[in-house]
Protein chains: 2
Amino acid sequence: MPVETIARTRAESRTRGKAKAAPAPALPLGQILDGDCVERLRELPDNSIDLVFADPPYNLQLGGDLNRPDGSHVDAVTNDWDRFDSFKTYDDFSKAWLAECRRVLKPDGALWVIGSYHNIYRLGATLQDLGFWILNDIVWRKTNPMPNFRGTRFTNAHETLIWASQGEKAKYQFNYRAMKTLNDELQMRSDWTFPICSGGERLKDDEGHKAHPTQKPEALLYRVLLATTERGDVVLDPFFGTGTTGAIAKRLGREWIGCEREESYRAVARARIEKELPLDETALTTMQSKRTAPRVAFGTLVEAGFVKPGTQVFDKKRHFTATVRADGSLVCDKLNGSIHQVGKDLQGASSCNGWTFWHYEDEGLVKPLDAARQLYLLATED
Amino acid sequence: MPVETIARTRAESRTRGKAKAAPAPALPLGQILDGDCVERLRELPDNSIDLVFADPPYNLQLGGDLNRPDGSHVDAVTNDWDRFDSFKTYDDFSKAWLAECRRVLKPDGALWVIGSYHNIYRLGATLQDLGFWILNDIVWRKTNPMPNFRGTRFTNAHETLIWASQGEKAKYQFNYRAMKTLNDELQMRSDWTFPICSGGERLKDDEGHKAHPTQKPEALLYRVLLATTERGDVVLDPFFGTGTTGAIAKRLGREWIGCEREESYRAVARARIEKELPLDETALTTMQSKRTAPRVAFGTLVEAGFVKPGTQVFDKKRHFTATVRADGSLVCDKLNGSIHQVGKDLQGASSCNGWTFWHYEDEGLVKPLDAARQLYLLATED
DNA sequence: ACCCTCACTGAATCCCACA
DNA sequence: CTGTGGGATTCAGTGAGGG
């Protein structure tokens with residue numbers, strides 16, 4: 001059975017009953033609602049949202065100041081919006097906004113929440129109490145977490161996301177194939193590894209201070225939206241902050257609605273999303289492709305002329321350089337083998353994704369081999 | 001200095017107030033209590049346990065004859081449970097055994113629970129409600145999880161552990177230095193990677209079927225006990241299963257108590273622990289934190305001639321220079337006081353560790369004062 | 001251009017013995 | 001109980017600046 005047919009059959013068999021072409025006109029798409037999210041959500045119609053992504057206050061309850069061993073001061077989250085008197089207060093708050101989310105979500109919609117050990121057990125229990133059905137919990141492993149400066153506990157190196165449907169029997173969107181492709185043809189697991197949001201991605205105010213204390217990395221939202229929405233879906237973020245959800249939704253061709261109480265955050269988010277450009281049709285189609293993306297061997301790209309034998313490939317820091325041979329193997333000094341094998345041996349690592357490890361130059365730009373694979377997939381699709 | 005001596009000295013200097021040498025005679029050390037854990041825990045004295053490790057069941061239908069804490073009978077299979085009823089029952093059950101654990105734990109004891117997204121949010125919220133204070137949550141990343149065969153969700157590749165103390169202000173045992181050593185001199189993080197329990201480690205019955213459906217890997221218990229107990233501590237496991245906790249406790253020189261309702265599991269556990277051999281003294285000695293080392297006043301080093309009065313000391317960048325006086329105080333311009341005080345004032349910092357801040361020259365080499373302290377400790381041991 | 005050093009930073013429930 | 005003060009404690013990354 002041709003893969004395309006399989007895919008179309010699956011698409012046709014879906015019964016989420018979305019009306020993509022004509023979303024309810026009342027929805028304030030592409031807007032950041034101003035004010036308390038529970039109140040503003042009340043104004044939205046029932047059954048109108050495809051996905052909620054929520055990054056609520058964590059209720060950190062920090063003690064005194066904290067200094068690094070070098071004496072410098074740690075800039076902690078001490079904002080008013082993160083202060084709650086008790087678990088009861090926090091649970092009541094959670095129940096209120098989760099219940100509104102549940103109402104505005106379509107029956108086949110789904111919800112993501114993110115938190116740390118301070119609040120995630122409250123949130124998880126509350127959403128279960130409300131009838132949400134947990135599909136997975138996801139661990140975001142930080143490659144560069146803040147250390148535990150006093151040596152008192154384990155380094156808190158992860159945050160937790162919960163993905164839940166409207167109920168045990170409810171349908172939900174999961175783009176299995178897109179996730180498997182993204183993960184080099186292995187099933188996407190429940191542990192995701194990303195750096196924290198820093199560098200150029202971290203939004204700053206005019207004085208160079210971070211615009212928001214807890215800005216999330218775009219890669220996280222990218223994966224969430226790619227995994228659990230379709231093009232044109234409406235994504236709601238009740239704690240919009242500086243608008244990472246909106247920016248990535250726009251990039252991926254999804255509609256979005258945000259709620260945010262702080263005008264300073266809203267202003268940053270508006271400017272940011274304004275600048276964001278949607279990916280073009282072809283890129284989105286590839287990513288979203290309903291056909292089963294065939295597994296592509298590197299050798300196929302060489303065969304097809306997308307990578308020429310003799311091409312020099314190198315890692316990002318140009319510590320290693322290898323040469324592509326006609327059969328799709330690499331050679332570097334005395335080592336030779338697949339792109340994965342050689343990358344692994346050179347680094348002395350236990351494994352290596354050659355698609356992302358090796359790079360080549362194309363029109364003066366350095367690109368990962370994976371870019372060639374995408375081009376190939378684009379060209380051979382029809 | 002032999003490590004044993006260090007360890008003994010440090011252990012003696014600790015003030016957690018344990019009575020290691022003579023644990024309460026009533027404790028059934030090295031025994032697997034037969035029956036419902038809530039009932040059997042009631043027979044244990046208050047404040048007698050150092051650590052609880054619990055791997056509670058979440059498929060409550062396993063037992064078949066489940067009783068609510070109020071005594072009413074629940075037939076999980078035939079009763080038409082609604083969601084609320086089922087969560088309520090599970091939460092009541094959790095509350096019952098967690099409360100008993102809380103009672104038998106010493107004030108400075110701690111608790112571990114392990115679970116998956118099915119039950120961990122209930123457990124985490126319940127233990128918080130009871131007053132336990134979460135110290136970390138830990139993600140066990142499985143190197144070889146069961147794939148999601150139907151491609152409907154992310155591969156569920158982890159389980160979650162929660163580590164909690166008796167309360168916000170309560171003390172707890174954390175062997176920071178041992179963990180850092182175990183992790184190649186980097187702080188141990190909150191994500192741990194282990195394979196699932198399989199191969200020779202997986203206990204089988206006579207017919208080759210696995211003896212217990214959820215046997216945990218020994219490596220997991222090894223790290224838990226190494227991190228949060230001392231030698232001689234009493235570890236309680238209320239859901240003992242095939243006794244991984246007991247086996248590793250015995251191996252690591254910890255005392256243990258188990259509860260298990262199923263005779264078949266108890267039999268497997270007894271045989272297993274019987275065969276387990278404790279590690280010897282030398283192997284059990286772990287890296288100790290400086291925090292537990294005997295305290296040496298800087299003046300003692302001056303008295304003992306390890307640092308001569310009049311010695312010039314300076315910070316690493318030689319921004320500051322001070323002179324050692326006969327009483328072990330430093331003087332620099334108009335400032336004088338302890339090595340810590342002067343370092344602190346000179347930098348305008350909130351605190352300063354003079355041992356590592358100040359340096360001196362010895363045979364042409366620049367060394368921190370801490371080097372002199374180490375020499376003194378070596379020379380004066382025993 | 002490249003390398004090296006230094007300064008800075010990130011959702012953090014972050015000390016403890018002794019007087 | 002509180003207050004005092006000794007002194008233990010950090011990883012990956014970005015970016016600026018100098019050589």
Side-chain angles (χ1 to χ4, degrees), chain A residues 55-79 81-84 114-120 140 142-160 195-202 204 208-210 212-217 239 241 317-318, chain B residues 13-16 128 133-137 164-165 167-169 171-172 174 176-177 180 183 185-190 289-299 316-317 328 337-341 343-344 349-358 369-370 373:
Chain A
D55 182 11
Y58 285 13
N59 191 21
L60 286 188
Q61 306 280 342
L62 300 173
D65 279 358
L66 180 63
N67 292 312
R68 298 184 180 80
D70 66 7
S72 63
H73 183 252
V74 176
D75 182 18
V77 179
T78 51
N79 307 60
W81 50 252
D82 198 45
R83 280 212 279 273
F84 294 83
I114 180 167
S116 64
Y117 66 85
H118 311 86
N119 69 328
I120 198 67
W140 166 28
K142 303 180 185 184
T143 56
N144 48 354
M146 192 186 299
N148 181 296
F149 295 117
R150 307 303 291 266
T152 56
R153 304 181 181 187
F154 299 100
T155 304
N156 192 11
H158 74 276
E159 294 189 26
T160 303
I196 59 175
C197 180
S198 67
E201 189 185 321
R202 188 84 194 210
K204 306 278 167 63
H209 301 122
K210 55 190 175 191
H212 191 283
T214 69
Q215 187 184 340
K216 293 295 176 288
F239 307 96
K317 295 187 178 162
R318 298 204 188 229
Chain B
S13 76
R14 293 188 63 251
T15 54
R16 274 178 75 208
Q128 285 181 315
W133 189 253
I134 298 182
L135 297 165
N136 276 119
D137 57 357
S165 70
E168 180 174 0
K169 307 290 183 193
K171 295 187 196 305
Y172 54 90
F174 180 55
Y176 174 75
R177 203 45 245 192
K180 192 168 173 177
N183 197 37
E185 290 305 310
L186 286 180
Q187 289 190 334
M188 187 67 80
R189 300 167 36 117
S190 57
S289 166
K290 279 192 177 170
R291 203 170 275 148
T292 50
R295 191 173 278 202
V296 180
F298 181 62
K316 214 170 181 180
K317 294 181 184 167
S338 74
I339 54 174
H340 314 295
Q341 189 68 45
K344 175 178 140 180
S350 63
S351 71
C352 170
N353 182 345
W355 291 110
T356 51
F357 179 73
W358 293 110
L369 288 188
D370 196 42
R373 177 168 59 165

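Every chain is numbered from 1, with letters handed out A, B, ... down the list of sequences.
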Quick one: does [X]'s side chain have a donor or acceptor within less than 3.5 Å of a partner on [Y]'s backbone?
{"X": "A:Q215", "Y": "A:K210", "value": "no"}
{"X": "B:N183", "Y": "B:E185", "value": "no"}
{"X": "A:D82", "Y": "A:L60", "value": "yes"}

Between [N] and [M], how far apart are the two [atom1] atoms, rounded to whole Å?
{"N": "C:dC14", "M": "D:dA12", "atom1": "P", "answer": "23 Å"}
{"N": "D:dG15", "M": "C:dA11", "atom1": "C1'", "answer": "23 Å"}
{"N": "C:dA12", "M": "D:dG7", "atom1": "P", "answer": "30 Å"}
{"N": "D:dT10", "M": "C:dC16", "atom1": "P", "answer": "15 Å"}

Please work out if [X] contacts a base, only the sugar-phosphate, or nothing of the nucleic acid, heavy-atom cut-off 4.0 Å.
{"X": "A:T214", "result": "base"}
{"X": "A:R318", "result": "nothing"}
{"X": "B:K180", "result": "sugar-phosphate"}
{"X": "B:E168", "result": "nothing"}
{"X": "B:I339", "result": "nothing"}

Check the distance between [N]'s [atom2] and [X]'s [atom1] and give it to me in whole angstrom.
{"X": "A:H73", "N": "C:dT9", "atom1": "NE2", "atom2": "P", "answer": "12 Å"}
{"X": "A:D65", "N": "C:dA12", "atom1": "CG", "atom2": "C1'", "answer": "12 Å"}
{"X": "B:K169", "N": "C:dC15", "atom1": "NZ", "atom2": "P", "answer": "10 Å"}
{"X": "B:R295", "N": "C:dC16", "atom1": "CZ", "atom2": "P", "answer": "12 Å"}
{"X": "A:N67", "N": "C:dG10", "atom1": "CG", "atom2": "P", "answer": "15 Å"}
{"X": "B:N136", "N": "C:dA11", "atom1": "CG", "atom2": "P", "answer": "17 Å"}
{"X": "A:E159", "N": "C:dA12", "atom1": "CD", "atom2": "C1'", "answer": "11 Å"}
{"X": "B:R189", "N": "C:dG10", "atom1": "CZ", "atom2": "C1'", "answer": "13 Å"}

Aromatic plane relationship, A:W81 with A:H212 - under 30° parallel, 30 to 60° tilted, over 60° perpendicular: parallel

base_contact_polar (C:dA11 base, A:K142 side chain, donor-acceptor, <3.5 Å): no

Pair A:N67, B:S350: side-chain N/O donor-acceptor within cut-off below 3.5 Å: yes

Phosphate OP1/OP2 of C:dC6: any B:K316 side-chain N/O under 4.0 Å: no

Side-chain N,O (A:K210) to OP1/OP2 (C:dG10) below 4.0 Å: yes

Give, for atom [atom1] of [X] and atom [atom2] of [Y], the distance between the pair rounded to the nearest 0.5 Å.
{"X": "B:L369", "Y": "B:T356", "atom1": "CG", "atom2": "OG1", "result": "9.0 Å"}
{"X": "B:S289", "Y": "B:K180", "atom1": "OG", "atom2": "NZ", "result": "10.5 Å"}
{"X": "B:S190", "Y": "B:N136", "atom1": "OG", "atom2": "CG", "result": "6.5 Å"}

For DNA chain D, the residues among residues 148-156 of chain A that have a non-hydrogen atom under 4.0 Å from it: A:N148, A:F149, A:R150

Start and end of the DNA chain D segment that chain A contacts, any atom under 4.0 Å from a heavy atom: D:dG7 to D:dG15

Derivation and outcome, side chain to side chain donor-acceptor pair (under 3.5 Å), residues A:S116 and A:H118: CA-CA 5 Å; A:S116 64; A:H118 311 86; 2.5 Å; yes

Set of residues satisfying side-chain hydrogen bond (donor to acceptor under 3.5 Å, both in side chains) with respect to A:K142, sequence neighbours excluded: A:E159

Position toward the 5' end of DNA chain D (nearest nucleotide), A:G199 or B:W355: B:W355

Counterpart residues, ring-ring contact (aromatic ring centres under 6.0 Å, His included), relative to B:F298 (two or more places apart): B:W355

Test side-chain contact (heavy atoms from CB on, under 4.5 Å) applied to B:N353 and B:H340, step by step: CA-CA 5 Å; B:N353 182 345; B:H340 314 295; 4.1 Å; yes

Under the salt bridge (charged side-chain N to carboxylate O under 4.0 Å, His left out) test, residues paired with B:R189 that sit two or more places apart: B:D191

For DNA chain D, stems built from three or more consecutive Watson-Crick or G-U wobble pairs below 3.5 Å: C:2-10 with D:11-19, C:15-19 with D:2-6

